[in-house]
Amino acid sequence: MNKRIGEVTLYWGTMFAGKTTRLIQDLKQAGEGAICFKPATDTRYSHNISKTHDGVEFPVITIKQASDIFLLLEPHITTIGIEEASLFYDDPTLIPTIITLRDMGYNVIITGIDRNLKDEPFCQMHKIAALADNCIKLRAKCVQCGRPASMNYFKGKDKSNLIGGADKWEPLCRSCYMERKS
Ligand SMILES: [Zn+2]
């Protein structure tokens, strides 16, 4: 038997850049064989819906660590989405899980933020980028000047809780970001 190896695709970049939209497009294209996971630090396996800003939906299963995916695979699955992989932070099972799934023949499609608030690689995301067969950087528009954004600006008040959407974050180009910071 000719064992097929899967491919890893990464959509990464700023927030509001359309990463989830691209992920859901790919998963819908894979049809019945697609399943999607995302990290949750406080819940066990709860079933949710992932939704893009323009309202497209896809069911997503929240998991505590990346290797939980192996417990939830069913025989018809061909394509595995991992949404917000950056929020697995330093989960040591993340990279081995991606590699093992790929080598088992699954296509793995991943989204995540590229850099943290210190403008450094966000946890393990640069490692995923290096191993990905397809690595697509997506950029939102700078909310201030409309040029392509590179930075996520945190406008929330409580830095101990960074998780949020447009209520807490704005995509900015590097020039507008530096201006805002000063
Ligand atoms: Zn700008």
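- Here the straight-line distance linking atom OG of Ser175 with atom CD of Gln144 works out to 10.5 Å at 0.5 Å rounding.
- Other residues, nucleotides and ligands contribute only 12 or fewer heavy atoms inside 6.0 Å of the NZ atom of Lys127.
- Note that the CD1 atom of Ile61 and the CG atom of Asp68 stand 11.0 Å from one another [nearest 0.5 Å].
- For Glu57, the CD atom is densely surrounded, since the number of other residues' heavy atoms within 6.0 Å is greater than 12.
- Considering only heavy atoms from C-beta on, Glu84 comes within 4.5 Å of Pro39 through its side chain.
- Geometric assessment of Lys137 against the ring of Trp12 yields a positive cation-pi assignment under the 6.0 Å and 45° thresholds.
- For the side-chain contact (heavy atoms from CB on, under 4.5 Å) criterion with Met151, the lone passing option out of Thr14, Asp114, Asp119 is Asp119.
- No donor-acceptor distance shorter than 3.5 angstrom exists from the side chain of Asp26 to the backbone of Leu23, with no hydrogens or angles considered.
- For the atom pair Ile35 CD1 and Thr78 OG1, the distance stands at 10.5 Å (nearest 0.5 Å).
- The distance from atom CZ of Phe88 to atom NZ of Lys38, rounded to the nearest 0.5 Å, is 10.5 Å.
- Closest approach of Glu7 to Asp133, counting heavy atoms only: CA-OD2, 3.3 Å.
- Across all non-hydrogen atoms, the minimal contact from Met15 to Asn152 is N-OD1, 2.8 Å.
- In the hydrophobic cluster analysis, where Ile, Leu, Val, Met, Phe, Trp and Tyr join through side-chain heavy atoms closer than 4.5 angstrom, Phe122 is grouped together with Ile128.
- Among all heavy-atom pairs drawn from Glu170 and Lys155, the shortest one is OE2-NZ, 3.5 Å.
- Between Ala34 and Ala30, the shortest heavy-atom contact is CB-CB, 4.0 Å.
- Without hydrogens or angle criteria, Asn107 side chain to Gly6 main chain gives no donor-acceptor distance under 3.5 Å.
- A distance of 8.0 Å separates CG of Leu87 from CD1 of Ile113, quoted to the nearest 0.5 Å.
- Under the 3.5 Å distance criterion, the side-chain polar atoms of Arg115 are matched with a main-chain donor or acceptor of Ser150.
- Two residues are said to be in side-chain contact when any heavy atoms from C-beta on lie closer than 4.5 Å; Leu10 and Met125 meet this criterion.
- Clustering ILVMFWY residues whenever any of their side-chain heavy atoms sit less than 4.5 angstrom apart, transitively, puts Val143 in a cluster other than the one holding Phe16.
- Across every non-hydrogen atom of Gly112 and Ser86, the tightest pair is CA-OG, 3.5 Å.
- Checked by atom type and distance alone, the side chain of Gln124 pairs as donor or acceptor with a backbone atom of Asp91 at under 3.5 Å.
- Atom NZ of Lys168 has more than 12 heavy atoms from other residues, nucleotides or ligands within 6.0 Å.
- One distance of note links NZ of Lys19 with OG1 of Thr111; it measures 6.5 Å at 0.5 Å rounding.
- Side-chain contact between Phe70 and Met104: present, with at least one pair of heavy atoms (C-beta onward) separated by less than 4.5 Å.
- The cluster map of Ile, Leu, Val, Met, Phe, Trp and Tyr, joined by side-chain heavy atoms under 4.5 Å apart, puts Ile5 and Ile82 in different clusters.
- By the 6.0 Å contact criterion, CZ on Arg180 is enclosed, its count of non-hydrogen atoms from other residues, nucleotides or ligands being greater than 12.
- The nearest pair of heavy atoms linking Leu72 to Ile63 is CD1-CG2, 3.7 Å.
- With Arg139 contributing its side chain and Ala149 its backbone, the two residues share a donor-acceptor pair below 3.5 Å.
- A single hydrophobic cluster is not seen to contain both Leu117 and Tyr153; linkage of ILVMFWY side chains at heavy-atom distances under 4.5 Å, directly or through other members, places them apart.
- Judged by distance alone, with hydrogens and angles left aside, the side-chain atoms of Thr100 form no donor-acceptor pair with the main-chain N or O of Thr97 at under 3.5 Å.
- Residues Leu172 and Leu138 are members of separate hydrophobic clusters, defined by side-chain heavy-atom contacts under 4.5 angstrom among Ile, Leu, Val, Met, Phe, Trp and Tyr.
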